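Data first, discussion second: the structure below is written as structure tokens.
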Amino acid sequence: QKEVEQNSGPLSVPEGAIASLNCTYSDRGSQSFFWYRQYSGKSPELIMSIYSNGDKEDGRFTAQLNKASQYVSLLIRDSQPSDSATYLCAVNEGRGDKLIFGTGTRLQVFP
Amino acid sequence: SAVISQKPSRDICQRGTSLTIQCQVDSQVTMMFWYRQQPGQSLTLIATANQGSEATYESGFVIDKFPISRPNLTFSTLTVSNMSPEDSSIYLCSFGTPSTDTQYFGPGTRLTVL
């Protein structure tokens, strides 16, 4: 059974701090990795994709991938209360089109 | 990127009835997917909707319960048949971009079965 694991949280950080969200996956054949943000009552919104080992930065967001350790993370710098949401890690299944989702980490940013 | 919409946005249904959810993309896409998200849970893939052929269902989901149509490259429907309260969930469609495996989601349909 191919799995994607995340700590469910909640992860509570003060406004302005760095939030660190982590994800591990079991399928060594996975090539594509995604972070989605989901506000309560809304559908998932893609915020980052990463395909190569290392870091990828986009504004306040940095995705980090380590395929040897089967680990992908998301850093949110200068966290804002509007970042409070559930963050879903998704990994493609082998070389196919399907995505496997983690259970999500709930982030709370308090003023 | 393309815009994706779903109808209805929410519905309350009686057990034993069926509901058809529509998903429309404003441009042609190859891959469309249907997911279920039960309260407090993550997304579970129901099936991949293939244009011109039968949908490919994931383990635990069957065509009799969740028939899917994909008549063209911009549209798909999911029917939830013979509903029970356990089918109360959010149903989401998405489309994929084969070159990057990226998926974009519709706004979802919140279904409550009484």
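This structure is a prediction, so every number in the text was calculated from the model and none was measured. Throughout, a chain's letter reflects where its sequence line sits, starting with A, and its residues are numbered from 1.
Residues F95(B) and Y91(B) are members of separate hydrophobic clusters, defined by side-chain heavy-atom contacts under 4.5 angstrom among Ile, Leu, Val, Met, Phe, Trp and Tyr. Cluster annotation: F66(B) is connected to L111(B) through the hydrophobic network of ILVMFWY side chains, with a link wherever side-chain heavy atoms come within less than 4.5 Å. A single hydrophobic cluster is seen to contain both Y57(B) and I21(B), as judged by linkage of ILVMFWY side chains at heavy-atom distances under 4.5 Å, directly or through other members. No continuous path of hydrophobic side-chain contacts links I68(B) to L45(B) [ILVMFWY only; heavy atoms under 4.5 Å]. V91(A) and F61(A) fall within the same hydrophobic cluster, defined by Ile, Leu, Val, Met, Phe, Trp and Tyr side-chain heavy atoms under 4.5 Å apart, directly or through other members.
At a 4.5 Å heavy-atom cutoff, the contact between L88(A) and chain B is made by side-chain atoms alone. Heavy atoms closer than 4.5 Å to chain A are found in the side chain of F33(B), but not in its backbone.
For residues 35-43 of chain B, heavy-atom neighbours of chain A at less than 4.5 Å comprise Y35(B), Q37(B), S42(B), L43(B), sorted by residue number. Proximity to chain B at a heavy-atom threshold of 4.5 Å picks out Q38(A), G41(A), S43(A), P44(A), L46(A), Y51(A) from residues 38-51 of chain A, in numerical order.
Most heavy-atom pairs under 4.5 Å with chain B: of the set G102(A), S8(A), A90(A), G104(A), this distinction falls to G102(A).
Atom CD of E54(B) has 12 or fewer neighbouring heavy atoms from other residues, nucleotides or ligands inside a 6.0 Å radius.
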Criterion side chain to side chain contact (heavy atoms under 4.5 Å, CB included) on F34(A) and Q103(B), from CA distance to verdict: CA-CA 9 Å; F34(A) 307 92; Q103(B) 289 187 27; over 6 Å; no

